[in-house]
Amino acid sequence: MTRNDKTDKIRVRFAPSPTGFIHVGNARTALFNWLLARQKGGVFVLRIEDTDLERSKPEYERNLIEDLRWLGLDWDEGPDVGGEFGPYRQSERLAIYHQHAQKLLEAGQAYYCFCSQEELEREREEALAKGRSPVYSGRCRNIPLEEARRRLNSGQQAAIRLKIPEEGLVRFSDLVRGEVEFDLKLIGDPIIVRSTGMPAYNFSVVIDDALMHITHVIRGEDHISNTPRQILLYQAFDWPLPVFAHLSMVMGQDNTRLSKRHGATSIDQFRREGVLPQALCNYLAFLGWSPPEGKEVLTLEELVSLFDLSRVNRAAAIFDYDKLYWLNRQHIKLLPRSKKLELALPYLREAGLVGDNIGPAEEQWLSQAVELLLEGVDKFSELPQKFSLIFDFNPEALDEEAKVIINTESARKVLKALVEKTSALSDFNYEVFARLTGEIKKETGIKGRDLYHPLRVMLTARASGLELDKFIPLIEEGARLKFPRPIKSSLERIREFASLLGIEPAGKPA
RNA sequence: GCCCCUGUCGUCUAGCCCGGCCUAGGACAUCGCCCUUUCAAGGCGGCAACACGGGUUCGAAUCCCGUCGGGGGCGCCA
């Protein structure tokens, strides 16, 4: 019995536990659900699975919602937006679970289990040691409901277990994996309600998915072995089965489960780094999926129209930062200039390069600078570092490469010539620079790298950076503007560098 | 240990279901060249894979069996 006849709207859900920051694996699951819903005009439900009271925290729920929204996902039903099948927080659905558990109890499909956790643990270990599957013995299976209730009333604690067939096969057709089957002999009666009265995961998901009319359960592969237990529950209630799709895991570079030591793994971290949400979604979508045509840089809208669950790969994927950052660069390029500035500003502020109030001229200049310096940047957090090319000028702290460049005879000649030619100047711009370098070239015969390289070092105190025809106009204008850290003009730089090197313009002794 | 899933370049993958079009395609990374006053970007090109062993077949990356590797699960966690 499947619910998914063509007339029904597709209803999918993302059901995270608020136990920490949302990581890329979960985000990918959320994205796939969302993509399918949006493509098919279906409904995307957000449900919070907070029945683990020890680990769940309200602020995690807020973070989670914030992260999902930042990614660009939205939901039609959820704890913050409501919906006709609410509440959408499991902690607020306890009465529903209780009621359904009672139903199973009355129908003889479930029973109270009085075994202590210590006993169970011991049996489990014994089974494992003997190489058997640790299946619950079924000791409490035949305690009559009346007797169980009496014991409960006298103060004993009990969990509730689902009574499942002792043998047989549970088979289901997974949308990404095909036919999957499990042997019931290897599955014990699962606990559906803990002795604390809280529902167990396998129980609450099924109740919620069924009551919320979820048609497609798309989740991580780590849930695949829960699926038979859940199917048994659907059957106990005589509910139609949803379609299942189990996504492979996302791994770290060393092919182990992605964790902190692999670098950034939470959505929140990527946001802070200055990775664009559309780039992250683009990358996440390519973890296990690929479009029929080769195009790889895709917007969210394109992902929505191209996505296809049947093209999802079955093998686990390793998270590749290089490719993510490459995609991010591509998406950054697509941004309009004003957006680039807007996104860059917080990073520049944090680095103390700009203040809170920016004048129009400064803003204009910054926009230009961001445009130029963003070239080849993986993520926005790298921008302040790039800006130091303009804001920091330290001829005393040259790196090895720069030192090598200026420590040749011809370099000395070039530098001395520039110092002399600029010594009387009070105005400078790129045209002047071009004219002077032309003269130097003619007078000394030095050209190409040998000419420009030393000049670059003199003006930037670095061996590499922006092209000088872009750099000089930028610092000349920047030097006239107001920034917390003033920008040195070309002439200031040349003179500072010269005095450090002990180059004095002829006819003008110290 | 048992169960389930999985195995194409270093990485993400196309191809696999419906054997020949595969001398296995693309992208990232890497290497080289070009462009360029440097770097980057861009352009061009190179290196690089069907885990292994058996079948089936005229023919196998594609079908079957086995081995090995990887992952997940075996909770009163989700």
Side-chain angles (χ1 to χ4, degrees), chain A residues 15-19 49-52 54-56 90 113 115-117 120-121 124 127-135 157-161 174 176-178 180-183 185-188 190-202 204-205 219-228 246 248-249 251 253 255-257 283 286-297 310-311 313-327 329 333 373 375-377 386 401-402 405 437 447-457 460 462-469:
Chain A
S17 308
T19 54
E49 308 213 323
D50 57 349
T51 53
D52 183 351
E54 311 209 335
R55 293 198 296 151
S56 299
Q90 290 192 327
C113 172
C115 298
S116 73
Q117 293 189 46
L120 294 171
E121 181 56 26
R124 229 176 63 86
L128 243 24
K130 283 183 190 155
R132 282 186 287 112
S133 212
V135 177
Q157 290 226 312
I160 303 175
R161 285 182 190 270
D174 190 291
V176 343
R177 267 151 235 285
V180 183
E181 62 175 43
F182 286 87
D183 189 342
K185 278 193 292 256
L186 303 167
I187 300 174
I191 287 187
I192 56 175
V193 178
R194 300 176 236 181
S195 53
T196 58
M198 287 302 266
Y201 167 77
N202 279 312
S204 50
V205 244
R219 69 218 319 185
E221 195 194 6
D222 47 342
H223 289 293
I224 201 165
S225 52
N226 284 319
T227 309
H246 288 95
S248 60
M249 305 274 87
M251 318 293 271
Q253 295 82 348
N255 218 303
T256 61
R257 223 174 168 157
Y283 180 69
F286 274 79
L287 243 29
W289 171 81
S290 62
E293 308 291 332
K295 196 176 173 201
E296 296 210 336
V297 181
S310 73
R311 285 185 65 86
N313 204 40
R314 295 186 298 254
I318 294 176
F319 194 89
D320 181 7
Y321 291 89
D322 282 334
K323 185 128 190 193
L324 167 65
Y325 291 137
W326 175 78
L327 273 172
R329 287 204 298 271
K333 278 188 199 162
L373 292 168
E375 192 93 336
V377 158
K386 285 275 188 176
E401 203 185 341
I405 290 170
T437 50
K447 57 181 183 179
R449 298 170 66 113
D450 292 338
L451 173 63
Y452 287 98
H453 237 144
L455 295 177
R456 158 178 299 286
V457 174
T460 68
R462 282 173 178 73
S464 67
L466 272 183
E467 286 108 329
L468 292 177
D469 60 342

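Throughout, a chain's letter reflects where its sequence line sits, starting with A, and its residues are numbered from 1. Values below: every heavy atom of this structure, side chains too, minus hydrogens, waters and symmetry copies.
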Does [N] pair with anything, Watson-Crick or G-U wobble, both distances under 3.5 Å, and if so, with which nucleotide?
{"N": "B:G53", "result": "B:C65"}
{"N": "B:C2", "result": "B:G73"}
{"N": "B:U36", "result": "none"}
{"N": "B:A27", "result": "B:U11"}

Expressed in whole Å, how much space separates the [atom1] atoms belonging to [N] and [M]?
{"N": "B:C18", "M": "B:C63", "atom1": "C1'", "answer": "11 Å"}
{"N": "B:C35", "M": "B:A41", "atom1": "C1'", "answer": "11 Å"}
{"N": "B:C12", "M": "B:G72", "atom1": "P", "answer": "15 Å"}
{"N": "B:A51", "M": "B:A14", "atom1": "P", "answer": "14 Å"}
{"N": "B:C68", "M": "B:U23", "atom1": "C1'", "answer": "29 Å"}
{"N": "B:G75", "M": "B:U56", "atom1": "C1'", "answer": "46 Å"}
{"N": "B:C17", "M": "B:A61", "atom1": "C1'", "answer": "14 Å"}
{"N": "B:U38", "M": "B:G45", "atom1": "C1'", "answer": "24 Å"}

Could you tell me whether [X] contacts a base, only the sugar-phosphate backbone, or nothing, with contacts defined as non-hydrogen atoms closer than 4.0 Å?
{"X": "A:M198", "answer": "nothing"}
{"X": "A:L287", "answer": "sugar-phosphate"}
{"X": "A:T51", "answer": "sugar-phosphate"}
{"X": "A:H246", "answer": "nothing"}
{"X": "A:R311", "answer": "sugar-phosphate"}
{"X": "A:E467", "answer": "base"}
{"X": "A:R55", "answer": "base"}
{"X": "A:L455", "answer": "nothing"}

Next on the checklist: If I take atom CG from residue A:L287 and atom CE from residue A:M251, how far apart are they, to the nearest 0.5 angstrom?
Outcome noted: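 Here the interatomic distance stands at 11.5 Å.
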
Item to check | With A:F319 via ring pair (Phe, Tyr, Trp, His ring centres under 6.0 Å) - residues at least two apart | outcome: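 A:F270, A:Y283, A:Y321.
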
Item to check | Partners meeting ring pair (Phe, Tyr, Trp, His ring centres under 6.0 Å) with A:H223 (sequence neighbours left out) | outcome: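 Applying ring pair (Phe, Tyr, Trp, His ring centres under 6.0 Å) to A:H223 gives A:Y201.
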
Next on the checklist: Just to verify, what does A:E49 make a side-chain hydrogen bond (donor to acceptor under 3.5 Å, both in side chains) with, not counting sequence neighbours?
Outcome noted: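 side-chain hydrogen bond (donor to acceptor under 3.5 Å, both in side chains) list for A:E49, sorted by chain: A:R47, A:Q90.
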
Next on the checklist: My understanding is that only residues two or more places apart in sequence, or in another chain, count here; which of them pass side-chain hydrogen bond (donor to acceptor under 3.5 Å, both in side chains) with A:E293?
Outcome noted: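 Checked A:E293 against side-chain hydrogen bond (donor to acceptor under 3.5 Å, both in side chains); zero matches.
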
Checklist entry - Among all residues two or more places apart in sequence or in another chain, which pass the salt bridge (charged side-chain N to carboxylate O under 4.0 Å, His left out) test with A:E375? => result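 Testing A:E375 for salt bridge (charged side-chain N to carboxylate O under 4.0 Å, His left out), a comparison that skips the adjacent residues, returns none.
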
Checklist entry - Which two nucleotides bound the region of RNA chain B that has atoms under 4.0 Å from heavy atoms of chain A, read 5' to 3'? => result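 Span of nucleotides near chain A: B:G1 to B:A78.
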
Checklist entry - Pick one: which of A:R314, A:R177, A:R219 meets side-chain hydrogen bond (donor to acceptor under 3.5 Å, both in side chains) with A:H246? => result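 Answer to the side-chain hydrogen bond (donor to acceptor under 3.5 Å, both in side chains) test with A:H246 among A:R314, A:R177, A:R219: A:R219.
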
Checklist entry - Would you call A:S17 and A:D52 a side-chain contact if the rule is heavy atoms closer than 4.5 Å? => result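 SC-SC contact between A:S17 and A:D52 ruled out.
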
